[in-house]
**Student:** 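Can you keep this structure in mind? I'll have questions shortly.
What you are looking at is a predicted structure, and each value in this text was computed from that prediction instead of being measured. Just the heavy atoms: all of them, side chains too, but no hydrogens, waters or symmetry mates, feed the values below.
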Amino acid sequence: MSPPHRQEALLAAISEKDANIALLELSSSKKKKTQDEVAMLKREKDRLVQQLKQQTQNRMKMMADNYEDDPLMKASSPAQETNHKPSPDQLIVPLSEQYENRSKLQLYIGHLMALCQERDPAILQELAPPPAYHTSQPQHWEEELHKMSTEKLEQELEVCERECVELQEYANSVLQQIADHCPDILEQVVNALEESC
């Protein structure tokens with residue numbers, strides 16, 4: 001089953017569980033059997049919500065990991081000890097990709113936050129976006145990169161990598177809140193993700 005169809009199937013199953021739970025809870029029966037059935041349905045629903053959330057997170061991770069497959073990115077990684085410093089040109093490619101990735105995450109987070117505000121602003125009450133959410137690319141940034149020294153490029157790459165991690169973690173936190181409070185809008189989250197990729 002393709003991911004969008006799998007998503008639809010999970011959402012349909014979650015809605016069905018919700019309907020069954022509501023019916024059972026509305027029935028006046030206080031029998032242990034009914035209570036056990038409600039508990040079982042709630043467990044099944046939680047499992048489905050987790051699957052849906054996992055799928056969405058996997059797709060977010062794929063988007064965030066795109067730049068990591070670049071051999072230049074690996075060559076310029078501070079974790080890798082090399083005897084020679086990379087040239088500015090070797091740093092510009094991964095840095096450009098990091099800029100692009102940061103912009104995508106900012107857009108995606110903006111969409112997630114808008115969905116939450118629309119549904120229930122309280123969902124985001126405990127969460128404040130990291131400073132990186134408000135970071136913007138300098139005008140004519142491509143030209144600016146070519147003017148930077150190797151050291152400055154390395155610093156910029158390090159900052160941008162850290163910001164992308166912070167943004168990804170924040171997006172995951174918002175996603176968790178959505179999964180906990182209103183899993184039915186996860187479908188809109190997935191659509192937004194597909195548009196931003």
Side-chain angles (χ1 to χ4, degrees), residues 3-4 7 11 49-70 72-74 76-79 88 91-149 151-197:
Q7 228 99 29
L11 283 162
V49 167
Q50 279 303 113
Q51 281 180 35
L52 191 57
K53 197 183 96 190
Q54 190 59 53
Q55 278 206 330
T56 310
Q57 281 182 327
N58 288 347
R59 292 164 95 173
M60 280 176 68
K61 188 171 177 350
M62 274 171 57
M63 176 183 81
D65 287 349
N66 280 344
Y67 62 84
E68 287 180 5
D69 296 329
D70 194 297
L72 292 176
M73 178 73 188
K74 288 177 181 159
S76 65
S77 171
L91 290 166
I92 286 170
V93 173
L95 187 48
S96 300
E97 288 174 356
Q98 286 284 15
Y99 274 3
E100 194 180 321
N101 189 50
R102 184 174 63 189
S103 291
K104 278 184 180 180
L105 283 164
Q106 286 167 329
L107 278 171
Y108 183 58
I109 287 168
H111 192 83
L112 286 180
M113 290 167 77
L115 281 174
C116 293
Q117 289 294 340
E118 201 177 290
R119 172 56 72 87
D120 179 4
I123 297 172
L124 297 175
Q125 208 169 301
E126 306 295 315
L127 298 173
Y133 177 65
H134 305 287
T135 304
S136 57
Q137 254 91 280
Q139 246 188 337
H140 314 297
W141 60 270
E142 287 171 321
E143 291 169 30
E144 291 299 312
L145 292 184
H146 287 282
K147 293 177 190 168
M148 288 182 191
S149 66
E151 285 75 19
K152 179 74 179 135
L153 284 166
E154 284 177 332
Q155 285 169 8
E156 185 73 9
L157 183 60
E158 203 174 302
V159 168
C160 204
E161 281 175 346
R162 190 178 66 245
E163 288 180 342
C164 285
V165 168
E166 287 170 4
L167 288 166
Q168 185 70 54
E169 284 172 356
Y170 179 72
N172 287 343
S173 300
V174 175
L175 190 62
Q176 179 66 57
Q177 289 291 93
I178 290 171
D180 291 345
H181 296 279
C182 42
D184 57 301
I185 63 170
L186 279 174
E187 185 175 21
Q188 291 164 279
V189 171
V190 172
N191 291 341
L193 179 59
E194 284 169 347
E195 283 164 23
S196 68
C197 282

**Student:** Nearest 0.5 Å, what's the CG-CE distance between Leu95 and Met148?
**Tutor:**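 Rounded to the nearest 0.5 Å, the CG-CE separation comes to 7.0 Å.
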**Student:** Taking the side chain as C-beta and beyond, is there a heavy-atom pair between Thr135 and Gln106 under 4.5 Å?
**Tutor:**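 They are in contact (side-chain heavy atoms under 4.5 Å apart), so the answer is yes.
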**Student:** Can you tell me how far apart CG (Leu105) and CD (Glu169) are? Round to the nearest 0.5 Å.
**Tutor:**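 Those atoms lie 11.5 Å apart.
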**Student:** For Gln177 and Ile123, indicate whether the former's side chain and the latter's backbone hold a donor-acceptor pair under 3.5 Å.
**Tutor:**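 Yes; at least one donor-acceptor contact below 3.5 Å.
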**Student:** Restricting to side chain to side chain donor-acceptor pair (under 3.5 Å), what partner residues turn up for Gln155, sequence neighbours left out?
**Tutor:**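 For Gln155, no residue satisfies side chain to side chain donor-acceptor pair (under 3.5 Å) once neighbours in sequence are set aside.
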**Student:** For Gln117, what residues pass the side chain to side chain contact (heavy atoms under 4.5 Å, CB included) criterion, not counting sequence neighbours?
**Tutor:**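 Here the qualifying residues are Pro121, Leu124.
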**Student:** If you round to the nearest 0.5 Å, how far is CG of Leu175 from OH of Tyr170?
**Tutor:**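 If I round to the nearest 0.5 Å, the distance is 12.0 Å.
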**Student:** From Leu157 CG over to Glu154 CD, what is the distance, rounded to the nearest 0.5 angstrom?
**Tutor:**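 CD of Glu154 is found 8.0 Å from CG of Leu157.
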**Student:** Report the residues that fulfil side chain to side chain contact (heavy atoms under 4.5 Å, CB included) with Glu166, sequence neighbours left out, ordered by chain and then residue number.
**Tutor:**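 Side chain to side chain contact (heavy atoms under 4.5 Å, CB included) list for Glu166, sorted by chain: Pro130, Ala132, Arg162.
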**Student:** Ser96: what forms a side chain to side chain donor-acceptor pair (under 3.5 Å) with it, not counting sequence neighbours?
**Tutor:**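 Not a single residue meets the side chain to side chain donor-acceptor pair (under 3.5 Å) criterion with Ser96.
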**Student:** Side chain to side chain contact (heavy atoms under 4.5 Å, CB included) with Ala122: which residues, sequence neighbours excluded?
**Tutor:**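 Partners of Ala122 under the side chain to side chain contact (heavy atoms under 4.5 Å, CB included) test: Asp120, Gln125.
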**Student:** Just how far is it from atom CD of Glu163 to atom CD of Glu161, taken to the nearest 0.5 Å?
**Tutor:**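 CD of Glu161 is found 11.0 Å from CD of Glu163.
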**Student:** Give me the atom names and distance for the closest heavy-atom approach of Asn101 to Cys164.
**Tutor:**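 Closest heavy-atom pair between Asn101 and Cys164: ND2-SG, 3.6 Å.
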**Student:** Compare every heavy atom of Ile109 with every heavy atom of Leu167, then report the nearest pair and how far apart it is.
**Tutor:**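 Scanning both residues, the minimum pair turns out to be O-CD1, 3.4 Å.
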**Student:** CD/Glu144 to CG/Leu153 distance, rounded to the nearest 0.5 angstrom?
**Tutor:**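 It is 11.0 Å, given to the nearest 0.5 Å.
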